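Since the structure comes first, as structure tokens, the remarks are kept for the end.
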Protein chains: 2
Amino acid sequence: MHATELPAEPPSKLPAGLRERKKRRTRDALVRSALELIARQGYEGTTVDEIAAAADVSQRTFFRYFANKEEVALSVQQMVESHFYAAVCARPAEEPPLTALRTAVLASWDTIGAAITAVVPLRLHVSMHRTIQETPQLLAAQLRRLAEQEDRLTLEIARREGLSPEDPRPRILVAAFSGVMREVGRRWGGLMESDMDTFRRHTAEYLDQIGPALAENWRS
Amino acid sequence: MHATELPAEPPSKLPAGLRERKKRRTRDALVRSALELIARQGYEGTTVDEIAAAADVSQRTFFRYFANKEEVALSVQQMVESHFYAAVCARPAEEPPLTALRTAVLASWDTIGAAITAVVPLRLHVSMHRTIQETPQLLAAQLRRLAEQEDRLTLEIARREGLSPEDPRPRILVAAFSGVMREVGRRWGGLMESDMDTFRRHTAEYLDQIGPALAENWRS
DNA sequence: GAGGTTAGTGTCAGTCGCTGCCAAATGACA
DNA sequence: TGTCATTTGGCAGCGACTGACACTAACCTC
């Protein structure tokens, strides 16, 4: 068994065997325990031993499910990202790229909540989101993940538009888009839940700035 | 003494005291030993003990100069980045932002070589550049550094243009620019030295794509 | 339903990154 | 030259992670 074998996705399709179900449960227990402990004690203040003990498995078993401590902390985040990527791939081919990305974000937000709650309570995910920004090591790992996501998105956009993978334009577009989304992510925490509709509108307005941001003269 | 006290810059101004000079020499020796060993054995295949031994200091002393193993591996990279940031700040205020960034890159390339060679031979820096892309942990740390650089650049651009720090446009511009520069960085390695002029032209052409990349229709 | 096969788990020992603590050495400066 | 502030080394210890091996439990025949 390798650490990255079991998908990060929620138990959408319940697996046949007892073995598989047991693994799913163990994995979810580890994620829940980890997020709970980290929310209470911080990332660096939480040891893998504690997480494993809270999920009632040995430390060695923890490392059979997650390659490292970062991975369990970012596992829900990872789920959100692949959720979004799937939404992008589902957009009709006639949509221009930026529109597809923008629509996919808003669409994926409609359904991601349920997928998260299937694994951990939402407050733990929100708390983790804050912790990631504040913990250098986690932030670094997260940025690497996002860079990989940018690569995937770039490829997908190039494919949709029938461009060569060498063409720089998809990459630039995705970089600008991701820059906006990272800023949006930063402002999350406080605003969401309280006023999700305002937040969605806010995001849309932000994305509308991508065009104007490249105009040569801003001082009007 | 704290780990981040001594600047990463080359010994441009030679310090007065013997103590300072000795610290500088120790630091440079650690960087050289580290890059040499990592080039030969890879990042994960090189232990801090080895680096310290090669520089003829104790492991404990290593950690007085660098907060962690990543920091010594990225120290030259960090020098290059602050070199570029300084070049941006030096651009005249009437230049439009994207022009300033673009000119600053090309200008900083003219002088960075000497600054690097003052610390390590160029081949070690090139080798390190490759290693960073290939080593997940290093890449993560590097991306976090670059994200901080993006923050600085965003602030500087907003300042130059007299915009509020809330305005999303500088951030988007910097994100697009950085996306291009990361792609350029990836293609470095092989092309440079062999044909630096072609490479510079290539980069300029890449940067010219930032405008067109946001046009709605690419399929012409 | 008893057999062997396969896969997941716990234990243990070990490496490596990194830190706190104290004592020894060394440049700075009167 | 003697004091003072810094820098250094050694040591002990923690936490993340890994390899090896033995044990147990699910699975798959016959």
Side-chain angles (χ1 to χ4, degrees), chain A residues 1-7 14-31 33-34 37-38 41-75 135-138 140-141, chain B residues 1-7 14-30 33-34 37-38 41-75 135-138 140-141 144:
Chain A
M1 174 180 173
H2 296 77
T4 46
E5 186 190 310
L6 211 59
L14 37 149
L18 168 63
R19 230 174 219 169
E20 291 299 313
R21 260 179 293 138
K22 219 169 179 177
K23 266 165 61 174
R24 172 101 270 153
R25 260 189 297 135
T26 306
R27 199 197 134 95
D28 289 354
L30 281 169
V31 173
S33 304
L37 284 165
I38 291 172
Q41 314 172 347
Y43 179 73
E44 280 146 354
T46 305
T47 69
V48 173
D49 282 298
E50 285 176 304
I51 298 172
D56 210 46
V57 296
S58 71
Q59 193 223 45
R60 195 67 186 82
T61 294
F62 173 93
F63 284 112
R64 288 197 178 98
Y65 281 88
F66 301 96
N68 44 51
K69 200 169 76 158
E70 290 153 18
E71 201 173 296
V72 68
L74 298 178
S75 61
T135 311
Q137 191 190 149
L138 274 185
Chain B
M1 175 182 171
H2 295 79
T4 46
E5 187 189 312
L6 213 59
L14 37 149
L18 167 62
R19 224 170 221 172
E20 292 300 312
R21 259 179 293 138
K22 213 169 183 180
K23 267 164 64 174
R24 172 103 270 153
R25 261 188 296 136
T26 306
R27 199 198 135 94
D28 289 352
L30 281 169
S33 305
L37 285 165
I38 291 172
Q41 316 172 344
Y43 178 74
E44 280 146 354
T46 305
T47 69
V48 173
D49 281 297
E50 286 176 304
I51 298 171
D56 210 47
V57 294
S58 72
Q59 192 223 46
R60 195 66 187 82
T61 294
F62 173 94
F63 283 111
R64 290 199 176 96
Y65 282 87
F66 301 96
N68 44 51
K69 200 168 76 157
E70 290 153 16
E71 201 174 296
V72 69
L74 299 177
S75 61
T135 311
Q137 191 190 149
L138 273 185
R144 212 201 73 216

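Fair warning: this is a prediction, and the values are worked out from it, not measured in the lab. Labels below follow one simple rule: chain letters A, B, ... track the order of the sequence lines, proteins then strands, and each chain is numbered from 1.
The line from OG1 of A/Thr26 to OH of A/Tyr65 is 4.0 Å long, rounded to the nearest 0.5 Å. Here CG of B/Asp56 is found 10.0 Å from CG of B/Leu30. Values are rounded to the nearest 0.5 Å. Atoms NZ and CD, from A/Lys23 and A/Glu20 in turn, are 4.5 Å apart once rounded to the nearest 0.5 Å. For the atom pair OG1 of A/Thr61 and CZ of A/Phe66, the computed distance is 12.0 Å after rounding to the nearest 0.5 Å.
Of all nucleotides listed (D/dA25, C/dG8, C/dT9), D/dA25 comes nearest to the side chain of A/Lys22.
Rounding to whole angstrom units, CZ of residue A/Arg64 and C1' of D/dC23 are separated by 12 Å. The CG-P distance, from B/Asp56 to D/dG9, rounds to 8 Å in whole Å. Separating the CD1 atom of A/Ile38 from the P atom of D/dG15 is a distance of 15 Å, rounded to the nearest angstrom.
Base-pair partner of D/dC28: not found among the strands shown (Watson-Crick or G-U wobble, both distances under 3.5 Å). Base-pair partner of C/dG3: not found among the strands shown (Watson-Crick or G-U wobble, both distances under 3.5 Å).
Taking only distance into account, the side chain of B/Arg21 never meets the base of C/dG27 through a donor-acceptor pair shorter than 3.5 Å.
In this structure, A/Asp49 places its CG atom where more than 12 heavy-atom neighbours from other residues, nucleotides or ligands lie under 6.0 Å away.
The backbone N or O of B/Tyr43 sits less than 3.5 Å from a side-chain atom of B/Lys69, completing a donor-acceptor pair. Side-chain atoms of A/Glu50 come within 3.5 Å of backbone atoms of A/Thr47 as a donor-acceptor pair (strictly under, hydrogens ignored). Of the possible donor and acceptor atoms, one in the side chain of A/Ser33 sits under 3.5 Å from a partner among the backbone N and O of A/Ala29.
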Report, one pair per line, the protein and nucleotides 16-20 of chain C atoms (nitrogen or oxygen only) whose separation is under 3.5 Å.
residue, atom, partner, partner atom, Å
C/dG17, OP1, B/Lys69, NZ, 3.1
C/dG17, OP2, B/Val48, N, 3.2
C/dC18, OP2, B/Lys69, N, 2.7
C/dG20, N7, B/Arg60, NE, 3.4
C/dG20, N7, B/Arg60, NH2, 2.9
C/dG20, O6, B/Arg60, NE, 2.7

Could you write out each protein N or O paired with an N or O of nucleotides 27-30 of chain D at a distance under 3.5 Å?
residue, atom, partner, partner atom, Å
D/dC27, OP1, A/Leu18, N, 2.8
D/dC27, OP1, A/Arg19, N, 3.0

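When the side-chain nitrogen and oxygen atoms of A/Thr61 are compared with OP1 and OP2 of C/dG10, one or more of them lie within a distance under 4.0 Å. Put simply, A/Tyr65 has no side-chain N or O that comes within less than 4.0 Å of OP1 or OP2 on C/dG8.
In this view, B/Arg60 and B/Ser58, B/Phe63, B/Arg64 satisfy the side-chain contact (heavy atoms from CB on, under 4.5 Å) rule, not counting sequence neighbours.
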